[in-house]
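Because only heavy atoms are used, hydrogens play no part in the values below, and waters and symmetry mates are left out as well, while side chains stay in.
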Amino acid sequence: MNAPVSAPSILEASGVDRETAARLLGEALRGADDGEIFAERSESEAFLFDDGRLKSASYDATEGFGLRVVAGETAGYAHASEISEAAIARAASSAALAKRGHAGVVAAAPRATNAKLYGDDDPLASPGFGDKVALLQEIDAFARARDPRVAQVMASLAGERRVVEILRADGALIRDVRPLARLNVQITVEKAGRRESGSSGAGGRAGFEAWITPERWRDQVEEALRQALVNLESIDCPAGEMDVVLGPGWNGVLLHEAVGHGLEGDFNRKGTSAFSGRLGERVAAPGVTVFDDGAIEGRRGSLSVDDEGTPTERTVLIEDGILVGYMQDRQSARLMGMAPTGNGRRQSYAHIPMPRMTNTGMLNGTAKREEMIASTKRGLYCANFGGGQVDITNGKFVFQCTEAYLIENGKITAPVKGATLIGDGPSALTRVTMIGDDFAFDPGIGVCGKAGQSVPVGVGQPSLKITGLTVGGTGV
């Protein structure tokens with residue numbers, strides 16, 4: 001964060017004088033618009049227990065830096081896993097080529113903040129290696145004992161502790177220590193030769209203790225088993241245009257993919273988004289308010305500061321159906337004449353930052369989910385989503401439902417398999433007719449990919465009713 005750094009910085013611990021590094025950066029930025037040195041030290045581990053045995057256990061430690069020079073629309077970036085004055089000098093020389101005669105003035109540093117959205121927990125420190133393996137073994141045994149139809153159990157733990165530092169040319173150093181932990185359970189059941197699966201997980205920016213109490217991990221097992229058993233009784237989903245009711249929480253991934261990416265600053269700056277140039281226009285039904293908030297304590301997508309050093313914040317993107325904002329990093333904000341919103345993110349020191357979502361969601365309405373279902377003569381209730389694909393230029397999406405049910409004459413009836421939702425984000429938002437009062441975030445499992453980079457994110461929404469979506473299915 002922007003407070004004074006008491007512990008030795010990553011640069012200093014590697015034998016690099018901070019003033020020297022700032023001088024090399026300053027020379028590279030002369031005549032540029034922006035830039036920084038991003039240094040990182042990361043430790044991570046992952047355990048996978050599958051088919052009654054420990055299938056894999058891994059530990060990874062990395063460190064390195066990236067140096068960026070921004071000049072207009074161009075950004076030069078050089079990175080190395082060796083942190084030394086010589087490596088920084090080489091990176092500065094390479095990245096400075098982006099200027100190519102550009103005459104700019106380096107932007108002021110991000111504003112200071114004392115916010116701290118997560119503690120100093122280290123997921124790698126506790127519990128120990130043996131205890132983590134024993135926990136996964138216990139999860140496996142518990143799941144198999146719950147139902148004789150359980151054929152396979154996969155349980156995994158993943159944790160990391162990432163220390164990042166952003167050095168500005170004026171010598172200001174911004175530091176953030178980021179824990180991240182996640183537990184996942186997947187269960188496959190079998191009956192009469194038919195196999196179906198269900199999964200559940202939870203995590204966030206803390207140590208493992210919050211998610212590995214017996215009550216918490218047993219909840220994950222029960223939920224994964226419930227989904228699997230529902231799917232075991234499912235029938236083929238009919239295809240056609242239907243009204244669709246979405247459950248709360250993780251289903252916000254549709255909002256994230258079909259709408260969220262289209263509201264990131266770089267796509268709008270370049271005019272490639274379906275939302276480009278539409279600020280102030282109605283893009284959704286009345287009552288639809290969409291936000292991105294990276295400043296929620298402990299959430300998986302939260303950051304005290306983004307990867308450019310800008311404090312995260314709550315950004316309203318669509319308000320009562322009207323497009324009012326975009327998610328911005330520093331470069332896109334400057335070029336669009338807007339303020340950065342703390343959405344500049346990168347996967348690691350080896351990647352250049354870009355506008356990315358943090359925790360994205362839609363605000364509550366007043367309707368009850370039961371009312372949405374009762375008002376639907378023929379439709380689909382989607383309780384959980386799996387993967388999906390989206391075209392940013394037009395918002396067209398295809399999403400797979402991992403748990404869905406037919407709605408017939410206002411009642412939930414048979415569970416269905418093979419259901420997919422097909423549509424486009426801008427159009428789908430205008431077809432929202434009922435917004436629930438049951439907002440929830442996902443349990444902390446989101447990962448977002450963009451331009452080859454993956455970062456942890458959160459999604460959330462209340463229950464929604466959307467009319468006239470195309471449902472793809474396997475039924476005839």
Colleague: Tell me whether the rings of H79 and Y349 are parallel (<30°), tilted (30 to 60°) or perpendicular (>60°).
Modeller: perpendicular

Colleague: Taking atom types as modelled and ignoring hydrogens, do the side chains of D293 and T315 form a donor-acceptor contact shorter than 3.5 angstrom?
Modeller: no

Colleague: Please identify each residue that fulfils side chain to side chain donor-acceptor pair (under 3.5 Å) with E63, with sequence neighbours left out.
Modeller: R41

Colleague: Sequence neighbours left out, what passes side chain to side chain donor-acceptor pair (under 3.5 Å) with N343? Give chain and number order.
Modeller: D292, T341

Colleague: Do S273 and L263 touch side chain to side chain, with heavy atoms closer than 4.5 Å?
Modeller: no

Colleague: Please name all residues satisfying salt bridge (charged side-chain N to carboxylate O under 4.0 Å, His left out) with D243, sequence neighbours left out, ordered by chain then number.
Modeller: none

Colleague: Please collect all ring pair (Phe, Tyr, Trp, His ring centres under 6.0 Å) contacts where either partner lies in residues 242-278, sequence neighbours excluded, each pair once.
Modeller: H256-H261

Colleague: E281: what forms a salt bridge (charged side-chain N to carboxylate O under 4.0 Å, His left out) with it, not counting sequence neighbours?
Modeller: R278

Colleague: Under the criterion side-chain contact (heavy atoms from CB on, under 4.5 Å), I'd like the reasoning laid out for C401 against L421: C-alpha separation, chi angles, the key distance, then a yes or no.
Modeller: CA-CA 8 Å; C401 300; L421 299 187; 4.0 Å; yes

Colleague: According to salt bridge (charged side-chain N to carboxylate O under 4.0 Å, His left out), who are the partners of E313, at least two apart in sequence or on a separate chain?
Modeller: R111

Colleague: Just to verify, what does Y118 make a ring pair (Phe, Tyr, Trp, His ring centres under 6.0 Å) with, not counting sequence neighbours?
Modeller: none

Colleague: Determine whether the side chains of S463 and D438 contain a donor N or O and an acceptor N or O closer than 3.5 Å.
Modeller: yes

Colleague: Would the number of heavy atoms belonging to other residues, nucleotides or ligands and lying under 6.0 Å from CZ of R216 be above 12?
Modeller: yes

Colleague: Under the salt bridge (charged side-chain N to carboxylate O under 4.0 Å, His left out) test, which residues partner R346, sequence neighbours left out?
Modeller: E36

Colleague: For I10, does its backbone N or O pair with a side-chain atom of E165 as donor and acceptor, under 3.5 Å?
Modeller: yes

Colleague: Can you sort out the partners of E73 under side chain to side chain donor-acceptor pair (under 3.5 Å), two or more places apart, ordered by chain and number?
Modeller: R269

Colleague: What donor-acceptor contacts under 3.5 angstrom involve side-chain atoms of residues 426-435, with partners at least two apart or in another chain?
Modeller:
from: T430; atom 1: OG1; to: S427; atom 2: O; distance (Å): 2.6
from: R431; atom 1: NH1; to: G468; atom 2: O; distance (Å): 2.4

Colleague: Would you call R162 and E160 a salt bridge, using N to O less than 4.0 angstrom?
Modeller: yes

Colleague: Can you name the residues that form a ring pair (Phe, Tyr, Trp, His ring centres under 6.0 Å) with F47, not counting sequence neighbours?
Modeller: F129

Colleague: F291 versus T360: any side-chain heavy-atom pair under 4.5 Å?
Modeller: no

Colleague: If you count heavy atoms of other groups shown closer than 6.0 angstrom to CG of D60, is the number above 12?
Modeller: yes

Colleague: Looking at K396, I want to see if its NZ is surrounded by more than 12 non-hydrogen atoms of other residues, nucleotides or ligands under 6.0 Å.
Modeller: no

Colleague: Does this structure show an ion pair linking R178 with D307, if we count only N-O contacts that are shorter than 4.0 Å?
Modeller: yes

Colleague: With sequence neighbours excluded, what pairs up with F385 under the ring pair (Phe, Tyr, Trp, His ring centres under 6.0 Å) test?
Modeller: F399

Colleague: Is it true that E27 and R23 have a side-chain N and a carboxylate O under 4.0 angstrom from each other?
Modeller: yes

Colleague: So, Q186 and S199: side-chain donor and acceptor under 3.5 Å apart, yes or no?
Modeller: no

Colleague: Under 4.0 Å between a Lys/Arg side-chain N and an Asp/Glu carboxylate O for R68 and E308?
Modeller: yes

